[in-house]
Amino acid sequence: MAEPLIPKHGGYRRLITYRLGMLIYDATVAFCARYIDRRDRTHDQMVQAARSGVANIVEGSEAAATSKKTELKLTNVAKASQEELLFDYQAFLRQRNLPEWPADSPEALAVRQARPADLAQLRNLMAVLVSDKPDKSDKSDRKAEVAANVMICLINQVTFLLGRQLARLEQEFVEEGGFTERLYRVRSARRSEKVD
C-alpha cells in the first residue's frame with residue numbers, strides 16, 4: 001500500500017500532556033481569580049503562560065501533517081510556557097513566605113498519586129490537603145500554600161511528560177524524516193508505479 005502524502009495527525013485530545021495542560025490552564029484561571037489582583041500584570045502573564053502551555057500542543061499536533069519541525073518546535077514552546085508558569089507559582093510562594101513542598105513530601109506524593117482529571121477533582125484534593133494539616137496559622141495562607149504547591153506538582157508532571165514527548169517526536173523525525181522526505185518518497189513511488 002502506498003504511503004499517504006499527508007500522514008495521520010492531530011489526535012492531541014488523547015495526549016496526557018494535552019489533558020493535564022487543560023487542567024493546569026483551568027486551574028490557573030481559578031487560582032489567579034482568587035489570589036492575584038486582576039490589575040497585576042502577573043495575573044495576565046500566568047493565564048497566558050497556562051494557555052500557551054496547552055494551545056501549542058494543539059497547534060503542533062495539527063501542524064504535524066506537513067511539518068514535523070513545527071510540531072517539535074511548538075511542543076517545546078508548550079514546555080517552555082509551563083516552565084514560565086512554574087516560575088510564577090514559585091515566586092508566589094516565595095514572595096508570601098510560604099513553603100514550597102519538596103518533591104518527596106507526603107503532600108507532593110499525594111498529588112502525584114491522585115491524578116485529578118478535572119477541576120472538581122482538583123478542588124477536592126486541595127480541600128483534603130488543607131484539612132490534613134490543621135495548624136494555628138491563617139487558614140487563607142494554608143489554602144494559598146496548598147493551591148500553589150499543587151499547581152507546581154502538576155506543572156512538574158506535565159513538563160516531564162512533554163520532555164518525553166519531545167524525545168519521541170525527535171526519534172520519529174530521525175527515523176522517518178519530515179514532510180519534504182515524505183513528499184520525495186511518495187513522488188518516487190508514484191513514478192516507479194508509472195514505469196512498471
Side-chain angles (χ1 to χ4, degrees), residues 1-32 41-91 103 108 111-119 121-122 150-193:
M1 186 169 152
E3 177 179 16
L5 180 58
I6 305 292
K8 281 185 148 184
H9 61 285
Y12 58 86
R13 291 180 191 277
R14 293 188 314 268
L15 295 172
I16 295 170
T17 51
Y18 168 78
R19 293 193 306 266
L20 188 51
M22 283 298 293
L23 177 60
I24 290 168
Y25 177 34
D26 292 345
T28 296
V29 169
F31 179 93
C32 288
R41 194 161 177 249
T42 303
H43 183 287
D44 292 338
Q45 288 177 318
M46 288 179 73
V47 170
Q48 183 54 40
R51 182 190 177 284
S52 177
V54 72
N56 280 290
I57 293 170
V58 173
E59 189 176 352
S61 179
E62 289 299 322
T66 57
S67 179
K68 280 293 195 188
K69 179 181 172 184
T70 300
E71 181 183 24
L72 273 162
K73 179 181 177 185
L74 291 173
T75 303
N76 194 56
V77 170
K79 185 175 183 289
S81 294
Q82 294 291 357
E83 291 286 350
E84 177 185 353
L85 186 59
L86 175 65
F87 169 84
D88 287 330
Y89 278 109
Q90 290 169 327
V111 174
R112 286 200 299 276
Q113 290 170 352
R115 298 181 186 199
D118 57 37
L119 215 44
Q121 290 177 7
L122 187 60
V150 166
M151 295 308 299
I152 287 170
C153 291
L154 295 178
I155 293 166
N156 282 329
Q157 287 177 346
V158 81
T159 56
F160 172 79
L161 293 170
L162 284 166
R164 288 179 50 185
Q165 188 173 333
L166 281 166
R168 181 184 51 79
L169 291 171
E170 176 187 4
Q171 187 62 35
E172 287 174 6
F173 183 76
V174 167
E175 290 175 5
E176 301 168 19
F179 184 71
T180 303
E181 289 90 353
R182 179 180 292 273
L183 181 60
Y184 176 78
R185 287 192 304 267
V186 169
R187 290 182 71 206
S188 295
R190 184 70 47 93
R191 283 185 187 135
S192 59
E193 286 174 9

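Atom CG of L85 sits about 11.0 Å away from atom CD of Q48, to the nearest 0.5 Å. For the atom pair CG (L169) and CD (E71), the distance works out to 4.5 Å, reported to the nearest 0.5 Å. Once rounded to the nearest 0.5 Å, the distance linking CD1 of I57 with OG of S52 reads 9.5 Å. Between the CZ atom of R164 and the CD1 atom of I16 there is a distance of 8.0 Å, given to the nearest 0.5 Å. The distance from the CD1 atom of I24 to the CD atom of Q82 is 4.5 Å, given to the nearest 0.5 Å. Atoms CD and OH, from E84 and Y89 in turn, are 12.0 Å apart once rounded to the nearest 0.5 Å.
Between A78 and G53, the closest heavy-atom pair is CB-O, 3.4 Å. Smallest separation of non-hydrogen atoms from R19 and R14: NH1-O, 2.8 Å. Here the shortest heavy-atom pairing between V158 and G21 reads CG2-N, 4.3 Å. Minimum heavy-atom separation, V111 to Q157: O-NE2, 4.3 Å. Listed here is the closest heavy atom pair of L122 and V150: CD1-CG1, 3.5 Å. For the residue pair E59 and L74, the shortest heavy atom distance occurs at CG-CD1, 3.5 Å.
With hydrogens and angles disregarded, a donor-acceptor distance shorter than 3.5 Å links the side chain of N156 to the backbone of I152. Between the side chain of R51 and the main chain of Y25, no donor-acceptor pair closer than 3.5 Å is present.
Heavy atoms of other residues, nucleotides or ligands lying less than 6.0 angstrom from CD of E170 number 12 at most. Heavy-atom contacts from other residues, nucleotides or ligands closer than 6.0 Å to CZ of R115 number 12 or fewer. More than 12 heavy atoms of other residues, nucleotides or ligands lie within 6.0 Å of CZ in R112, so this atom counts as buried by the packing criterion.
D118 places a side-chain heavy atom less than 4.5 Å from the side chain of Q121.
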